[in-house]
Amino acid sequence: MKRTLLSVILALMPLCLQSQNLSVSTNLADYAMLGTVNAGASVSVARHWTVDASVKYNPFKYGSGNEVKQYRQRLVSAGARWWPWYVYSGWWISGKAQYQEFTKGGFVSEETSEGDRYGGNITAGYSYMVGKHLNMEFGLGMWGGYEKYTTYACPHCGAIVDEGEKYFILPSDIIVSLSYIF
């Protein structure tokens, strides 16, 4: 089994080492969302298609006591992008499956919500080629799915105001991304 896996990896490696076949990126707009650290990687699988995976992580709280402002999250996603012209240049549209664990609150009131979201994402955008290996991407996306949540009266009191499960549709991505293409 190990030899078979190693053989497959070695056989696919030349495909991954071709020029303009692999990219890594970070979304600069996510850092503005209370310091959400993020990274993504994509691999070209055809002239018009890439597959990608990304992660977002934000463990930060701002303030103290009941004045805490937070949008803490752990998010993972995987999907595919279609490029009408060539991969990593021009317009694109993508679809992803996403999972998010979140804790948010303190912006409008002391109420804090936490929970899990599962769903799908649709995003569209444009990739501007800055240099031979550097792209700037711009895009917008929405995602919808299923959410399990609990809402508390304040960040520290533990008094449950609401809990349940529901369907949701939310803005997902505001993309101002820097990508390095190998």
Side-chain angles (χ1 to χ4, degrees), residues 2-62 70-104 116-145 169-182:
K2 289 180 184 177
R3 286 184 183 174
T4 304
L5 182 59
L6 182 60
S7 298
V8 169
I9 290 171
L10 290 174
L12 293 176
M13 191 174 286
L15 296 174
C16 294
L17 295 177
Q18 294 175 9
S19 69
Q20 303 251 324
N21 200 39
L22 173 70
S23 85
V24 293
S25 62
T26 188
N27 186 2
L28 304 175
D30 279 339
Y31 292 102
M33 181 54 138
L34 299 178
T36 301
V37 179
N38 65 87
S42 69
V43 175
S44 172
V45 293
R47 179 178 169 188
H48 298 287
W49 289 94
T50 57
V51 293
D52 59 80
S54 60
V55 295
K56 294 181 183 182
Y57 180 64
N58 185 337
F60 307 114
K61 293 181 184 180
Y62 298 94
Q70 59 187 335
Y71 189 67
R72 297 184 302 152
Q73 66 174 315
R74 283 185 259 187
L75 184 140
V76 294
S77 65
R81 267 190 193 179
W82 179 72
W83 305 77
W85 193 35
Y86 289 102
V87 296
Y88 305 125
S89 62
W91 295 100
W92 52 265
I93 188 165
S94 71
K96 298 181 189 177
Q98 274 186 183
Y99 166 75
Q100 179 188 43
E101 178 183 16
F102 68 93
T103 302
K104 63 178 182 167
D116 298 295
R117 292 182 179 132
Y118 311 84
N121 172 320
I122 295 176
T123 307
Y126 186 82
S127 186
Y128 178 73
M129 298 183 332
V130 176
K132 184 177 179 180
H133 296 284
L134 193 63
N135 279 10
M136 197 75 184
E137 293 183 351
F138 305 94
L140 293 171
M142 298 288 287
W143 79 302
I169 295 178
L170 295 170
S172 172
D173 293 319
I174 298 174
I175 299 173
V176 180
S177 182
L178 195 57
S179 296
Y180 185 83
I181 302 159
F182 294 92

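Applying the salt bridge (Lys or Arg N to Asp or Glu O under 4.0 Å) test to K96 and every residue at least two apart in sequence or in another chain returns nothing. Under the rule for a salt bridge (Lys or Arg N to Asp or Glu O under 4.0 Å), the partners of R81 that lie at least two apart in sequence or sit in another chain are E137.
Here the closest non-hydrogen pair linking V176 and F138 is CG1-CE2, 4.1 Å. The two residues W143 and P171 have their closest heavy-atom pair at CD1-O, 4.1 Å. Residues S89 and M129 approach most closely at CB-SD, 3.3 Å, considering heavy atoms. W83 approaches S127 most closely through the heavy-atom pair CZ3-CB, 3.7 Å. The two residues K56 and D173 come nearest to each other via the heavy atoms NZ-OD1, 3.4 Å.
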Just do the side-chain contact (heavy atoms from CB on, under 4.5 Å) check on T123 and W92 with the steps written out, would you?
CA-CA 8 Å; T123 307; W92 52 265; 3.6 Å; yes
After noting the C-alpha distance and the side-chain angles of V37 and N58, does the key distance pass the side-chain contact (heavy atoms from CB on, under 4.5 Å) rule?
CA-CA 6 Å; V37 179; N58 185 337; over 6 Å; no
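Residue T50 is tested with S44, S94, S23 for a side chain to side chain contact (heavy atoms under 4.5 Å, CB included); the sole match is S44. The residue from Q98, Q100, E101 that alone fulfils the side chain to side chain donor-acceptor pair (under 3.5 Å) condition with R117 is Q100.
The structure places CZ of F60 at 13.0 Å from CD of Q70, a figure rounded to the nearest 0.5 Å. A distance of 13.0 Å separates CG of L28 from CD1 of I174, quoted to the nearest 0.5 Å. Rounding to the nearest 0.5 angstrom, the gap separating the OG atom in S172 from the CG atom in L75 is 7.0 Å. To the nearest 0.5 Å, the span separating CD1 on I175 from CE on M136 amounts to 11.5 Å. Note that OG1 of T36 is 8.0 Å distant from OH of Y71, once rounded to the nearest 0.5 Å. One finds the CG atom of N38 at 3.5 Å from the OG1 atom of T26 (value rounded to the nearest 0.5 Å).
Within a 6.0 Å sphere centred on CG of L34, other residues, nucleotides and ligands contribute more than 12 heavy atoms. The number of heavy atoms from other shown groups lying within 6.0 Å of OH (Y128) does not exceed 12. When the shell of 6.0 Å around CZ of R72 is examined, it contains more than 12 heavy atoms from other residues, nucleotides or ligands. Heavy atoms of other residues, nucleotides or ligands lying less than 6.0 angstrom from CE of M33 number 12 at most.
With hydrogens and angles disregarded, no donor-acceptor distance shorter than 3.5 Å links the side chain of H133 to the backbone of Y180. The closest donor-acceptor contact from the side chain of N135 to the backbone of Y88 lies under 3.5 Å.
Residues S177 and N27 have side chains that never bring a donor and an acceptor to within less than 3.5 angstrom of each other.
Under the 30°/60° scheme for interplanar angles, the aromatic rings of H48 and Y86 are found to lie parallel.
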